[in-house]
K.L.:
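Would you mind keeping the following structure in view while I ask a few things?
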Amino acid sequence: MTPARRYWLVKSEADCFSWDDLWNAPRRTTFWDGVRNYQARNMLRDQFKKGDLVFFYHSNADPTAIVGVCEVVREGYPDHTAFDPRKQHFDPKSDPDKPTWYMVDLKAKEPFRRPVTLAELRTVPGLERMVLLQKGSRLSVQPVTEKEWQIIYRLGMTAEAPRARGAASKARSR
DNA sequence: GCCAACGTTGGC
DNA sequence: GCCAACGTTGGC
C-alpha cells in the first residue's frame, strides 16, 4: 500500500523568493535550498515524499500569509549551495561526501484566490494547535495535519476574506 | 527598527 | 554537561 500523502508548510521571505517567483520559474519548479536548521532538515531529508502537498507561506511580508499550494516533485537530496563559498547559505562544515543539509524540489501547483493571513489563521477554530501558530515557533519547514490542511485550503479558495472588525471600521472612517 | 524567542557555539 | 553569549528569525 502506498503511504498516505502528507501535508507541509514552508516559509519564504517574500522579498527574497516569493510565490510569484516560483510561479514564473521554469516548469514552476525550484529546489528549496538554504534550510539550515536540523529539525527542518530532517523533515526535508526523511519525510517529504513525491506527491506531498505544501503550503507556501510569506514571512517578513505585508501581510504575512499563506498564498498557494505546491507539490513535492523530488525527494530529499544534498543541498549543494552549502558547498559553494560564493553562496549566501554556504556552510564550510557540510562535506560533499557527507552532506549536512538537504533540499527537495517544489512545484507551484495552485495559487490561492486570496492570501490567508497569519492574523486570520489565529481566529480560525480547529487551528489552535497548528505549528505555525505556536508561540515562538520559527521552523521554516513544518508539518500540517490533514484537518488543518482542509480548513486552510477551503479558506484560500474562498474568494472573499471574512471582514475583520477592525478593517471594516477603518475603511469607513476614511 | 524593535525585540522576544529560539538554536548554536564554546569556555569551563 | 552547563550555561552565557551570540546570531538569526520573524511578527509587529
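From a predicted model like this one, the values you see are computed outputs, not experimental measurements. All chains are named by letter (A, B, ...) in the order of the sequence lines, taking the proteins before the strands, and each is independently numbered beginning at 1.
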K.L.:
Check whether more than 12 heavy atoms from other residues, nucleotides or ligands sit under 6.0 Å from atom CD of A:E128, and answer yes or no.
P.N.:
yes
K.L.:
Distance check needed: C:dG11 C1' versus A:R138 CZ, whole Å only.
P.N.:
12 Å
K.L.:
Does a side-chain N or O of A:K11 approach OP1 or OP2 of C:dT9 to a distance below 4.0 Å, or not?
P.N.:
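No, because none of the side-chain N or O atoms of A:K11 sits under 4.0 Å from OP1 or OP2 of C:dT9.
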K.L.:
Please confirm whether the shortest side-chain N or O distance from A:Y38 to OP1 or OP2 of B:dC6 is below 4.0 Å.
P.N.:
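Result: no.
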K.L.:
If I take atom CG in residue A:D62 and atom C1' in nucleotide C:dC12, what distance separates them, rounded to the nearest angstrom?
P.N.:
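Result: 10 Å.
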K.L.:
Please tell me which of the listed nucleotides, C:dT8, C:dC12, B:dA4, lies nearest to the side chain of A:L118?
P.N.:
C:dC12
K.L.:
Out of C:dG7, C:dG11, B:dA4, which has the shortest distance to the side chain of A:S59?
P.N.:
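Of the options given, the side chain of A:S59 lies nearest C:dG11.
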K.L.:
As a test of reading the structure: which of B:dT9, C:dG11, B:dA4 is closest to the side chain of A:K93, going by heavy atoms?
P.N.:
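In terms of side-chain proximity for A:K93, the closest of B:dT9, C:dG11, B:dA4 is B:dT9.
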K.L.:
Is any side-chain N of the basic residue among A:R36 and A:D79 closer than 4.0 Å to the acidic one's carboxylate O?
P.N.:
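Looking at A:R36 and A:D79, the cut-off is met.
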K.L.:
Would you find a donor on one side and an acceptor on the other, under 3.5 Å apart, between the side chain of A:S137 and the backbone of A:L133?
P.N.:
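Checked: no pair found.
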K.L.:
Quickly work out the A:Q134 CD to B:dA4 C1' distance and round it to whole Å.
P.N.:
16 Å
K.L.:
Between A:Y38 and A:W101, is the ring centroid distance below 6.0 Å?
P.N.:
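So the answer is yes for these two rings.
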K.L.:
A:Q39 has an atom CD; how far is it from atom P of C:dT9, in whole Å?
P.N.:
15 Å
K.L.:
Rounding to an integer number of Å, can you tell me how far A:R122 CZ sits from C:dG11 P?
P.N.:
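Distance, rounded to whole Å: 8 Å.
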K.L.:
For A:H89 and C:dG7, give me the distance from atom NE2 to atom P, rounded to whole Å.
P.N.:
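So the two atoms are 18 Å apart, to the nearest Å.
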K.L.:
Rounding to an integer number of Å, can you tell me how far A:R36 CZ sits from B:dT9 C1'?
P.N.:
18 Å
K.L.:
Rounding to an integer number of Å, can you tell me how far A:L133 CG sits from B:dA5 P?
P.N.:
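After rounding, the gap between these two atoms is 16 Å.
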